[in-house]
A.B. asks: 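Have a look at this one before I ask anything.
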Amino acid sequence: MNAEFHVHLSEAIDLDATLLSGQAFTWKRHNSSYEGLLAGIPATISPVPNNPGELLVKTVSHEGVSPQAVANYFDDGTNYSELRNELRSLDPFCDRAIEYSPGLRLLRQDPWETLVCFILSSCNNVPRITGIVHRLTQLSSRHFPSPEDIVRAGESKLRQAGAGFRAPYLIEAAKMVLDGTVDLAGLRSLPTDEAVKVLMTLPGVGRKVASCVALYGLHKCDAFPIDVWIKKVLQQAYFGGREVELPKLEQFARKHFGSKAGYAQNWLYNWARRSRLADISSATRSRME
DNA sequence: TCGCAGGGGGATG
DNA sequence: CATCCCCCTGCG
């Protein structure tokens with residue numbers, strides 16, 4: 001019942017940056033391949049040598065996973081060369097960030113999966129979150145746990161999986177999704193701010209997590225999640241290094257980057273994390289010259 | 001050993 | 001409002 005197929009993307013993709021740098025938490029790299037979940041099902045993605053943009057996908061089942069679905073997961077419907085040009089012209093920091101990882105894609109993930117992963121992300125790091133998610137899948141026959149699975153598992157099992165103090169948040173959020181208090185799919189039709197507001201009614205979901213779910217799970221491209229890293233980048237790049245309140249930073253970013261703010265966020269975040277902010281001072285100098 | 005971390009929530013003045 | 005402290009867990 002195994003499935004194996006090729007996916008042709010419109011251009012080369014940076015799988016490390018795209019799958020491992022903090023927008024998704026199901027992927028682990030093994031040599032040149034990536035093991036994780038597609039449509040909640042275990043899958044392996046490998047680059048095809050000498051064919052940039054071509055991927056080999058292996059899954060345990062055909063269900064819900066097609067070349068089109070994978071291309072969509074990698075946001076292949078977006079014209080990235082046009083997007084890069086547009087954002088790079090905005091300012092030297094955005095320019096540098098995009099130049100740093102031009103093949104970074106904004107993933108289009110499942111809203112529930114995104115919600116769970118980002119509730120788990122609070123006071124946590126990528127490898128640990130990935131580990132927790134992996135153990136959660138083992139509670140529910142290796143696929144990503146549904147809201148029913150989370151409720152059924154119960155707090156102690158979730159804690160055993162490593163969710164810690166976030167365990168009750170997951171259970172309560174699952175209940176709210178199940179009883180229709182929050183209609184995740186329905187949020188797609190709402191403006192970003194409205195969707196964020198609704199998401200924040202879920203336990204363990206503040207503005208940052210809600211914005212992440214909006215961006216990565218609902219593909220609200222103007223959402224702009226601000227964590228400590230993005231905060232540092234914005235302050236250093238656009239505010240002369242001085243302390244600026246979160247709402248002001250978000251207001252600035254969403255105005256400055258406009259409808260593509262989420263893409264800018266993804267690139268700036270990736271740049272800040274992977275270059276450890278080292279490049280920012282040099283970009284600042286180049287702007288002064 | 002103990003403080004601390006990519007966040008959120010509740011209590012307090 | 002601002003500030004403080006706690007919440008699991010693992011790593012330095």
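Keep in mind the model is a prediction, meaning the values are calculated, not measured.
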A.B. asks: Touch check for G206(A), heavy atoms < 4.0 angstrom, all strands: base, sugar-phosphate only, or nothing?
C.D. replies: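 If one applies the 4.0 Å heavy-atom cut-off, G206(A) turns out to touch the sugar-phosphate alone, with no base involved.
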
A.B. asks: Measure the distance from CD1 on I132(A) to C1' on dA5(B) and round it to the nearest whole Å.
C.D. replies: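 Result: 13 Å.
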
A.B. asks: Nearest whole Å is fine: how far is dC11(C) C1' from R128(A) CZ?
C.D. replies: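 Going from CZ in R128(A) over to C1' in dC11(C) covers 9 Å.
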
A.B. asks: Whole angstrom is fine here: how far is it from CG in L246(A) over to P in dG8(B)?
C.D. replies: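 Computing the L246(A):CG to dG8(B):P distance gives 9 Å.
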
A.B. asks: Is there a Watson-Crick or G-U wobble partner for dC8(C) with both distances under 3.5 Å, and which nucleotide is it?
C.D. replies: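 Matched dC8(C) with nothing under the 3.5 Å cut-off.
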
A.B. asks: Would you indicate what V126(A) reaches in the nucleic acid, counting non-hydrogen atoms under 4.0 angstrom: base, sugar-phosphate, or nothing?
C.D. replies: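 Base, at least one base atom sits under 4.0 Å.
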
A.B. asks: Nearest whole angstrom, please: distance from the C1' of dC11(C) to the CG of N125(A).
C.D. replies: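 About 9 Å, once rounded to whole Å.
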
A.B. asks: For R135(A) and dC8(C), give me the distance from atom CZ to atom C1', rounded to whole Å.
C.D. replies: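 Rounded to whole Å, this separation is 12 Å.
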
A.B. asks: Looking at R166(A), I'd like to know whether one of its side-chain N or O atoms comes within less than 4.0 Å of OP1 or OP2 on dC8(C).
C.D. replies: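 Checking dC8(C) against R166(A), no side-chain N or O comes under 4.0 Å of OP1 or OP2.
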
A.B. asks: CD of E155(A) versus C1' of dC7(C): gap in Å, rounded?
C.D. replies: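 Taking CD of E155(A) and C1' of dC7(C), I get 12 Å after rounding.
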
A.B. asks: Whole angstroms only, please: what is the NZ-P distance between K231(A) and dG7(B)?
C.D. replies: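 Between P of dG7(B) and NZ of K231(A): 11 Å.
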
A.B. asks: R84(A) and P102(A): which non-hydrogen atoms are nearest, and at how many Å?
C.D. replies: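 For R84(A) and P102(A), the tightest heavy-atom pair comes out as NH1-O, 3.1 Å.
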
A.B. asks: Would you please indicate yes or no on a ring centroid separation below 6.0 angstrom for F118(A) and Y216(A)?
C.D. replies: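 So the answer is yes for these two rings.
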
A.B. asks: Report the residue from D76(A), D75(A), N266(A), D14(A) that forms a side chain to side chain donor-acceptor pair (under 3.5 Å) with R105(A).
C.D. replies: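 For R105(A), the side chain to side chain donor-acceptor pair (under 3.5 Å) test succeeds with only one of D76(A), D75(A), N266(A), D14(A), which is D76(A).
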
A.B. asks: Are any of the side-chain heavy atoms of V133(A) and C117(A) separated by less than 4.5 Å?
C.D. replies: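 Yes, at least one pair of side-chain atoms sits under 4.5 Å.
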
A.B. asks: Once you round it to whole Å, what is the distance between C1' of dG9(B) and CZ of R207(A)?
C.D. replies: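 R207(A) atom CZ is separated from dG9(B) atom C1' by 17 Å.
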
